[in-house]
Amino acid sequence: MPNRLANETSPYLLQHADNPVDWFAWGPEALEKAKGEDKPILLSIGYAACHWCHVMAHESFEDEDTARLMNENFVNIKVDREERPDLDGIYMQAVQAMTGHGGWPMTMFLLPDGSPFYGGTYFPPDDKHGLPSFRRVLQSVADAYAQRREGVAESAEQLKQIYENNLAGARSSGALAPQMLEIAYRALAKAYDAQNGGFGTAPKFPATMVLDFLLRHWKRTGTAESLEIVERSFRKMARGGIYDQIGGGFARYAVDAIWLVPHFEKMLYDNALLTRLGAHLWQATKDDEIKRVTTETVAWVDREMASPEGGFYSSLDADSEGHEGKFYVWSEEEIDALLGSDARAFKSYYGVTPGGNFEGKNILFVTADQSDVDSELLDAILARGKKILYESRAKRVWPGRDEKILASWNGLMLRGIATAARVFARDDFRDLAVRNAEFLSREMVNKGRVMRSHKEGVTRITGFLEDHAAVALGFLAVYELTFDERWVDRAREIADATIEWFWDVDKQAFFDTARDAERLITRPRDVTDNATPSGTSLAVELLLHLSELQQDAEYRRRAAFTLETLAEPMTRFPTAFGHLLGCADMEINGAIEVALVGDVESAAFKALEQAVAERYVPSLVLAGGAVNKSSHIKLLEDRPLVDGKPTAYVCRNYTCDKPVTMPDALSDQLNKHASALSG
C-alpha cells in the first residue's frame, strides 16, 4: 500500500512511496503530529540520483522490522534536498558539527520544534566499518528521548549555537585590494595536483568555480601556471572516466585521484559549470579537444536532458538494474563483437583490457599511450566506434532520470549553453538556449519572483536566492547572444525582486530564503560555494553585471559592500569561494565593457561580434544594437557610428578607447584591457 509520498511530484520522494515507512513530506501535518504526539522527528534527506540513498532505502526503509521501529517511535519525514536546499543546508550544518563530515543520505533526529539533537549520514543494517546499525541507532535515540529527555534537550540547545553566525550582521573590512587575489592564487596553486590535475586527493570533484577564477588570474596577470592548472585539470577530466566518452557529459565526481572511476550520476549543474568553463578555456587556448568535449556536453543536454517544453531535467541516476555504473561499462568481448576490425585501435585508445578496470568491466578513458594508427584514420575509427557503442548502449536499461526542472540549475545551464552558442557560433545551441529562456520566463518567473521546481506542468516552491540570481544571469547571457533587450528587462526585474525579498536591511546581507518564506529554526545564509556557486556570490555577480550594463551605482554599491564583508574568508579559504573570487576580480580590476552599434544583421557587425566571441575576456559586459533604435541599455547610449560603419566601443574603469570598426583593432583593445591589472 503506497504511503503519503505517492501524492508528491519529487522523483526522490516517489522512490519511497511504497516503503512500509509511514513517511510524511516536510510540512505542517508532520510537524503538528510530532508536537501533538510528543514524538521526535526522523528526517531523511537525499536526492533521486544518490547511490547510497538507494542502498539505505533497500537495506532499511524497505525492511518491515526497521519500518516498524521507525513508525512506532518517530514522525518520519522525507525531503528532496534539491527541492529544499534551505532544509538541507540547515541540517547539513548540524551533521557536520556533530560528525565532522556530511553527505547523503542525511539522517537527522529532531525535537518536535525542528531542533536537531543527533544525526549522521548513511547507517548500515548491521554493525560494520565502525558504524552502528540503523536499528540500533533508532532504538538508542528512541530510548534517550523517552528516558533522558533533559540530556536530549541540552544537546539540541548546544547545537543551536552553530546557527548564530547565520544571523550575525555583516560588516565591511574596507576596500578590496589586488593582493587578495594573488594570495588566493598562491594558496590554490599549492593545493594543485600537478600530476593528475584538480585539487586534493580522492574523492576528487571538478572544482569548476576555482578553475574559472584561475583562468581569470592568468589573463589578468600573464601567470602561465594559472592557465596550466586550468588546462591540465580540464583535459585530465575530459580524458578520464568522469567524462562519458560515448555519450558526452560529466559525472559528479571521481572516487579516485586520477579521474578514472566516477560516481556515475550525472548532474545538470556540473555540466552547466563545465560547459561555460570549457567555452572560456577554448577562447584562451583554441584547443580542438576542449571544443569537442564542450560541444559534446551541450549535445548530451539537448539529447537526453531537455524536456519537450524547453526546461532541463535535473539528473541521471548512478544506478541501473540495481548496480552502480552498469549502463556505462563494457566488457572487451562486447567491444570486439560490436566493432570488428576497428576494435583493436579503439580498445588501445580507450584503455580496454580483458580484466577491465571496474568490477571486471571497462570504464572507457583516453590512455596516455596513444594508438600508433594514423591520426586521421584513428579519428574515423573512434567516430564510428562511439556511434555504434552509443546505439548499443541505448538498448540497455537506462538509469533513472530525475525529471523535475530546477530554476537555479536551469539558469546555470542556460548561461553555459548561451556562452557556448556565442563562442562556437552554433545556431542549434542558440535555439536551445532561447527555448530554455522562454520556458523559464513563462513557467517559473512571475513579477520578478522565481519559483524553484517544475514537473509535469506543476510549478511549486518559492525560489531561493540562488534561483533568482542564476536565472537572471542566464537571461543576461541570452541577451549577449541575441541582443534582444527584453532579456535585460527580465533580469533587472528579478534583480530588483532579489534585493526586495532576500536582502536584510538590518543585517546588511543576502539570505538564502525570502523574508516571507516558511519560518525554520534559523534563516539560512551560506556564503560558501558547494557543488554550485553560493546564492550570495551569484547575486553579487548579477548586480555587478547590471551595474555596468545600466550604469546603476546602487547595484554596484550593494555588491561591493557584500564583497568587502567577505574579503577575509575569501582570502583564507579560496577553495570555498571560487565564484566570489571571480566577482572580486570584476570589482578590483574592472569589468570590460564592449558596446557594438550598427546593423546587427550586417556582415561587418557580425565580424565585430566574432572578434569578441573568439577571445577570452574576463568580466566581459557586452551590449549591442542599432544606433537609431530606441534602446534603454545605458551602455549603448551616445555611441554613434564611425564613418557610417558598425562600430565597437571598449571601456574599462570609466575610460573608453577610441571607437573602432575593424575586428583586428577590436581584438587588440580587448587583449590590452583583459590583460591589464588595476591601478
Side-chain angles (χ1 to χ4, degrees), residues 2-19 23-31 44-50 53 77-88 267-269 272 301-302 304-317 398-414 432 434-472 474-475 490 493-494 497 501 512-514 516-518 520 532 535:
N3 56 42
R4 291 176 188 81
L5 300 185
N7 298 319
E8 295 296 315
T9 57
S10 159
Y12 175 64
L13 269 54
L14 289 170
Q15 286 172 358
H16 296 81
D18 291 315
N19 294 167
W23 289 117
F24 288 80
W26 181 276
E29 184 185 2
L31 301 178
S44 176
I45 301 181
Y47 58 103
C50 167
C53 299
I77 301 179
K78 179 64 76 172
V79 166
D80 182 339
R81 78 170 181 96
E82 296 170 355
E83 284 196 334
R84 292 298 301 266
D86 53 340
L87 294 169
D88 182 58
M267 312 302 294
L268 186 70
Y269 57 74
V301 172
D302 189 17
E304 297 183 19
M305 302 299 286
S307 76
E309 300 79 22
F312 299 134
Y313 299 133
S314 292
S315 63
L316 288 178
D317 208 323
W398 279 70
R401 182 169 65 186
D402 186 333
E403 294 190 352
K404 69 176 179 294
I405 296 163
L406 296 174
S408 66
W409 299 8
N410 271 248
L412 295 173
M413 194 75 243
L414 173 59
L432 183 63
V434 171
R435 191 162 72 247
N436 180 248
E438 295 282 12
F439 169 84
L440 292 173
S441 179
R442 180 178 69 249
E443 299 291 343
M444 303 190 75
V445 183
N446 183 24
K447 296 180 181 176
R449 297 199 71 175
V450 180
M451 298 296 284
R452 174 68 176 176
S453 182
H454 178 95
K455 185 170 180 284
E456 296 173 353
V458 177
T459 302
R460 58 193 297 269
I461 305 173
T462 303
F464 302 96
L465 178 62
E466 64 178 49
D467 295 305
H468 287 72
V471 168
F475 287 171
R490 290 171 187 177
E493 185 181 32
I494 293 172
W501 294 102
D512 294 331
T513 54
D516 62 346
E518 175 189 358
L520 303 171
T532 56

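Keep in mind that what you see is a predicted model, and the values were worked out from it rather than measured.
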Quick one: are [X] and [Y] in side-chain contact, heavy atoms under 4.5 Å?
X      : Y      : answer
Lys78  : Leu5   : yes
Lys404 : Thr9   : no
Trp26  : Leu520 : yes
Leu432 : Arg435 : yes
Ile77  : Trp23  : no
Val434 : Glu438 : yes
Leu316 : Met305 : yes
Tyr47  : Pro11  : no

Restricting to pairs with a member in residues 10-19, which pass salt bridge (charged side-chain N to carboxylate O under 4.0 Å, His left out), not counting sequence neighbours? none

[atom2] on [Y] to [atom1] on [X], rounded to 0.5 Å:
X      : Y      : atom1 : atom2 : value
Ser307 : Glu456 : OG    : CD    : 11.5 Å
Leu406 : Met413 : CG    : CE    : 14.0 Å
Gln15  : Ser10  : CD    : OG    : 8.0 Å
Thr532 : Met267 : OG1   : CE    : 10.0 Å

Residue set satisfying ring pair (Phe, Tyr, Trp, His ring centres under 6.0 Å) with Tyr313, at least two apart, ordered chain then number -> none

Tyr269: ring pair (Phe, Tyr, Trp, His ring centres under 6.0 Å) partners, not counting sequence neighbours: Trp409

When you compare the side chains of Asn436 and Asn410, does any donor N or O come within less than 3.5 Å of an acceptor on the partner? yes

Taking all non-hydrogen atoms of both residues into account, name the closest pair between Val471 and Ala407 and its distance. CG2-O, 3.4 Å

Which heavy atom of Glu518 sits nearest to which heavy atom of Arg84, and what is that distance? OE1-NH2, 3.0 Å

Using atom types as modelled and distance alone, determine if a side-chain donor or acceptor of [X] lies under 3.5 Å from a backbone N or O of [Y].
X      : Y      : result
Asp402 : Tyr12  : no
Thr459 : Glu443 : yes
Asp467 : Ser408 : yes
Thr513 : Ala517 : no
His454 : Ile405 : no
Arg452 : Glu82  : yes
Asp88  : Ile45  : no
Glu83  : Ile461 : no

Check against side chain to side chain contact (heavy atoms under 4.5 Å, CB included), Leu440 and Phe475: CA-CA 9 Å; Leu440 292 173; Phe475 287 171; 4.2 Å; yes

Residues that Glu8 engages under salt bridge (charged side-chain N to carboxylate O under 4.0 Å, His left out), provided they are two or more places apart: Arg460

Sorted by chain and residue number, the salt bridge (charged side-chain N to carboxylate O under 4.0 Å, His left out) partners of Asp512 (sequence neighbours excluded) come out as none

Contacts of Glu29 meeting side-chain contact (heavy atoms from CB on, under 4.5 Å) (sequence neighbours excluded), chain-then-number -> Arg4, Phe24

